[in-house]
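Below is one structure; the comments refer to it alone.
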Amino acid sequence: MLSPGRTISSRLLRPALWLPFRLCPERTATSSRPKELIKKHELEKDELRPLYMDFQATTPMDPRVLDAMLPYQVNYYGNPHSRTHAYGWESETAMETARKQVADLIGADPREIIFTSGATESNNMAIKGVARFYQAKKRHVITTQTEHKCVLDSCRILEAEGFSVSYLPVQKNGLLDLKLLEDSISADTSLVSVMTINNEIGVKQPIEEIGQICRSKGVFFHTDAAQAVGKIPLNVSDCKVDLMSISGHKIYGPKGVGALYVRRRPRVRLEPLQNGGGQERGLRSGTVPTPLAVGLGAACSIAQKEMEYDEQRVTMLANRLVQKIMSEVPDVFLNGDHEQRYPGCINLSFAYVEGESLLMALKDVALSSGSACTSASLEPSYVLRAIGAEEDLAHSSIRFGIGRFTTEEEVDYTAEKCIQQVRRLREMSPLWEMVQEGIDLKSIKWTQH
Amino acid sequence: MAAVPFSVSLLSTFSKRFLRPELTALCSYHKKVVDHYENPRNVGSLDKNKRNVGTGLVGAPACGDVMKLQIQVDENGKIVDAKFKTFGCGSAIASSSLATEWVKGKSIDEALKIRNTDIAKELCLPPVKLHCSMLAEDAIKAALSDYRLKQEDKQ
């Protein structure tokens with residue numbers, strides 16, 4: 001993929017930063033030296049960091065993206081909206097190139113891409129902007145129960161403003177029922193918002209069919225594609241998508257930047273959230289951060305080139321992980337549809353073992369869980385509840401994220417450790433003991449709290 | 001390839017070298033909780049059919065917390081052995097492990113005096129985890145009351 005030494009940043013950054021941490025020789029240097037030569041401060045510094053298996057939370061920046069961004073940080077630092085001098089012109093050129101790269105990835109026209117500060121802002125803009133623009137005639141918005149918090153919260157704010165919002169339930173496999181969607185759309189509906197790939201369970205919604213339904217009913221279709229862009233082939237015309245949110249730090253790009261695709265034909269109008277000098281077609285005023293935009297563009301162009309390879313690799317690694325764990329440990333459930341999914345997001349429920357305790361056991365792997373204990377509110381994940389996962393299984397779920405830089409060794413290690421720790425925790429679990437004795441857990445009257 | 005034996009040796013290295021407690025403390029697990037979690041005391045089961053064994057089963061899987069605490073009491077009313085099993089987070093496991101440590105060697109009345117606040121203070125539990133210590137106290141009480149019931153039954 002990358003030949004070290006060719007680029008500035010690979011000299012600046014040690015290869016350790018994008019090679020799996022554990023396998024980089026420099027990082028384990030102290031362990032190979034004789035004890036007398038290792039100074040105390042070196043030992044203390046040589047803290048091993050966990051394996052990263054949480055690619056849905058964020059992704060490391062691809063060094064090639066950093067290479068593209070660096071010149072715009074220190075050398076070509078002009079404001080892209082400065083029309084009167086070369087600093088502005090060169091930044092503007094870079095910004096427009098990046099815009100084209102983002103547009104090419106999703107099959108859009110560059111004029112339809114608006115740079116934002118991230119997918120949260122894009123979602124807010126899309127939902128609130130469209131709803132408010134058309135509020136004179138249409139006051140109904142449709143979304144699902146498994147959307148990202150920013151979508152749900154934006155809808156809640158709209159409800160407070162007097163809109164009516166339908167939060168459609170999903171089926172047990174996490175997919176939206178198309179008949180239900182069709183029945184929910186009325187003449188009063190201005191927008192339907194359904195995310196492409198769910199960040200918790202990895203389920204892929206039938207975007208083409210939903211787009212078809214919305215187009216036929218004359219309703220705008222917004223999709224939060226933060227987890228999907230650059231990972232699966234997306235074309236806004238094929239899917240009949242009118243608005244699409246893109247996040248930089250989910251596709252190995254920089255944090256703090258994203259984009260919103262806003263269709264021009266037929267034109268989607270929206271009320272801007274951020275007012276000012278009229279940048280970005282007046283929809284999002286504010287100086288476009290050239291280095292971040294360039295980084296997003298580079299990330300998109302790399303993703304476009306490597307999508308097929310990444311998809312194959314991630315699928316292979318994901319199957320490896322799931323098969324290894326499921327063949328050795330009984331009573332493990334994969335949440336979400338088994339076919340309509342992005343393979344790199346694996347949400348497993350380990351029955352009779354609580355999620356947070358398993359995360360603690362797997363402390364040298366960075367993972368996340370849908371269990372209550374890891375959320376500040378002690379409520380299990382709303383996505384797992386929406387797919388009808390039983391409460392105790394919702395407490396027992398772990399999300400494994402696999403990405404471009406995950407290696408077979410990391411996957412094998414994670415699987416091994418997981419199997420080991422699940423067995424240990426089951427030995428400590430009264431529920432497992434009862435099940436082994438043949439007691440049906442559903443028949444027990446538990447003490448309430 | 002060199003990577004394969006390297007990773008095998010790493011596997012054994014990891015099992016010996018664990019993340020420093022200070023690092024885990026950064027993610028808000030106190031080192032006492034980690035200690036109880038990694039080296040839990042008294043995990044296991046006693047024979048619940050025995051007359052001098054009291055079993056307390058509290059919590060609910062739907063809440064993500066179930067504790068089973070068993071005590072073995074001798075003829076003098078002193079708790080000689082205690083075992084636990086927990087389905088719950090690290091703090092719940094630590095609370096129940098600590099509870100079994102504390103009840104051992106106490107008489108029934110002394111064991112009744114154990115409060116969840118003591119458990120929480122000992123483990124430095126954050127406010128969001130206080131319910132784990134409450135469940136541990138409930139588990140002790142449930143085990144003691146089960147034992148008492150068994151004694152009354154026999155009589």
Side-chain angles (χ1 to χ4, degrees), chain A residues 20 22-23 25 28 31 44 47-51 351-361 363-364 369 371-378 380 390-396 407-410 412-413 416-417 420 424-434 441-442 444-449, chain B residues 2-4 6-11 13-15 17-24 27 29 33-34 37-38 40 43-45 48 55-70 84-94 96-97 126 128-129 131-132 134-135 138-139 142:
Chain A
R22 306 297 199 151
L23 297 185
T28 52
S31 57
E44 280 176 65
E47 24 172 273
L48 297 176
R49 288 170 65 211
L51 296 180
Y352 322 119
V353 170
E354 208 264 345
E356 205 224 19
S357 61
L358 185 53
L359 283 184
M360 214 163 143
K363 62 193 165 192
D364 35 11
S369 151
S371 124
C373 286
T374 53
S375 83
S377 70
L378 295 182
E390 313 223 351
E391 292 244 21
D392 50 339
L393 283 181
H395 283 287
S396 315
T407 63
E408 284 92 341
E409 290 90 347
E410 288 183 326
D412 289 340
Y413 177 78
E416 278 295 325
K417 205 75 200 293
Q420 237 175 43
R424 182 176 91 95
L425 286 167
R426 280 187 173 162
E427 290 303 307
M428 278 171 54
S429 166
L431 303 179
W432 178 248
E433 189 186 39
M434 288 194 258
L441 293 180
K442 295 200 207 298
I444 301 188
K445 271 198 110 174
W446 300 100
T447 61
Q448 292 305 315
H449 237 266
Chain B
V4 174
F6 190 46
S7 62
V8 164
S9 70
L10 274 174
L11 207 66
T13 314
F14 295 151
S15 50
R17 287 174 77 175
F18 49 91
L19 274 182
R20 290 167 206 243
E22 300 85 67
L23 210 60
T24 49
C27 3
Y29 295 139
V33 174
V34 173
Y37 176 80
E38 305 221 320
V43 177
S45 285
K48 61 177 185 275
T55 305
L57 181 66
V58 294
C63 301
D65 255 324
V66 177
M67 287 185 195
K68 185 182 86 158
L69 198 126
Q70 289 178 304
F84 85 97
K85 280 203 175 185
T86 297
F87 164 82
C89 61
S91 304
I93 294 175
S96 37
S97 166
V128 69
K129 294 290 183 187
H131 65 283
C132 299
M134 286 197 280
L135 200 65
D138 287 348

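Just so we're on the same page: letters track the sequence lines, and every chain starts at 1.
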| task | Return the set of residues passing salt bridge (charged side-chain N to carboxylate O under 4.0 Å, His left out) with Glu427(A) (not counting sequence neighbours), or none when no residue passes. | result | none

| Pro40(B) vs Arg424(A) side-chain heavy atoms within contact, under 4.5 Å | yes

| note | Shortest non-hydrogen pair, Glu356(A) vs Cys89(B), comes out as OE1-CB, 2.6 Å

| said: Counting C-beta onward and ignoring hydrogens, is there a side-chain heavy-atom pair between Leu441(A) and Pro61(B) closer than 4.5 Å? | reply: no

| Leu57(B) and Trp446(A): side chain to side chain contact (heavy atoms under 4.5 Å, CB included), yes or no, with the steps? | CA-CA 8 Å; Leu57(B) 181 66; Trp446(A) 300 100; 3.9 Å; yes

| query | Hey, does the side chain of Glu354(A) reach the backbone of Asp65(B) with a donor-acceptor pair shorter than 3.5 angstrom? | reply | no

| message | Quick check on Val58(B) against chain A: is it the side chain, the backbone, both or neither that has a heavy atom closer than 4.5 Å? | response | both

| Step by step, would you call Lys68(B) with Met434(A) a side chain to side chain contact (heavy atoms under 4.5 Å, CB included)? | CA-CA 11 Å; Lys68(B) 185 182 86 158; Met434(A) 288 194 258; 6.0 Å; no

| remark: Tyr37(B) meets the ring-ring contact (aromatic ring centres under 6.0 Å, His included) criterion, sequence neighbours left out, with none

| request: Take Val34(B) and Met360(A) through the side chain to side chain contact (heavy atoms under 4.5 Å, CB included) test and state the conclusion after the steps. | output: CA-CA 8 Å; Val34(B) 173; Met360(A) 214 163 143; 4.1 Å; yes

